[in-house]
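A short worksheet on the structure shown next.
Note that ligands are numbered from 1 as they come in the structure, with each ligand's atoms numbered from 1 the same way.
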Amino acid sequence: MKIILATSNMGKVREIADIFKDEEVVPYGDLVSPFEIEENGADFASNALIKAREVYRKLPEKEGVLVLSDDSGISVPLLGGEPGIYSARYAGYGASDKDNLFKLAGELEKRGVKETPAFYTAAIALISPYGDYVVHGWMHGKVLNEPRGEGGFGYDPLFIPEGYDKTLGELEPEIKREISHRSKALELARPIVAMLRSLYE
Ligand code: ITT
């Protein structure tokens, strides 16, 4: 069974392929030309379903495939939950990871805050001929007003997970793999993937 990833974010592709090592994982861009998907859902789960369904609809061959998407983001209670589902476009449409990171750091700086609690959420959607599924994972910690380290992607250089004193930009990727929102959601996706594999056989 082929797992097709409905994402254009290479950071996510790396992390998902790393966790699903024993599966055949293919970014959708290898099968169809990448296209814009309007993520107009009200929450992470809705946006994950929108992305996976759009990709599933466009696939020329649906036999034996499973489409997996990830909608994720970082939420800061001090900022009323921002950027949340708008994490990818916090600094505006077309913003880079760096633009978004500095926008968040700047919002803390403006308030004279050096660090404040924050959490990542990931919704993973699975679309198959045997139904649609969504699971979630979270990682709690705090965000800083200054980046540290170059590892990970997105907001990682600003984020210190609970129980650590380094950012995800400084910590080894293995640590993120053990504790991340995405890993936790993918662990919940694993039995669904196994169930679907048995239905396909
Ligand atoms: P796709 O929609 O193509 O999957 P995207 O990057 O636009 O890619 P999202 O809409 O889910 O994905 O936006 C996620 C945002 O949250 C984006 O700005 C990421 O950088 C950030 N984010 C999500 N998970 C993250 C993680 O593990 N580490 C750092 N930043 C993360």
For residues 148-162, tabulate all N or O donor-acceptor pairs below 3.5 Å that involve a side-chain atom, not counting sequence neighbours.
residue, atom, partner, partner atom, Å
Y155, OH, S87, O, 2.7
D156, OD1, Y120, OH, 2.9
D156, OD2, F153, N, 3.0
D156, OD2, K176, NZ, 2.7

- Message: Going by the rule side chain to side chain donor-acceptor pair (under 3.5 Å), which residues pair with S128 if we only count those two or more places apart in sequence or in a different chain?
- Response: none
- Item | Remaining members of hydrophobic cluster (4.5 Å side-chain criterion), W138 |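 Under the 4.5 Å side-chain rule, W138 groups with F119.
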- Note on the structure: Per the under 4.0 Å non-hydrogen criterion, ligand 1 touches T7, S8, N9, K12, E39, K51, D70, D71, S72, G73, S87, A88, D97, Y120, F153, G154, Y155, D156, K176, H181, R182
- Task: Can you see which heavy atom on R177 is nearest to which on D18, and at what distance?
- Result: NE-OD2, 2.7 Å
- Query: Quick one: which of E36, E39, E38 gives a salt bridge (Lys or Arg N to Asp or Glu O under 4.0 Å) with K51?
  - Reply: E39
- Message: Quiz question: by atom type and distance under 3.5 Å, do the side chains of T7 and N9 form a donor-acceptor pair?
- Response: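 No, no side-chain donor-acceptor pair sits under 3.5 Å.
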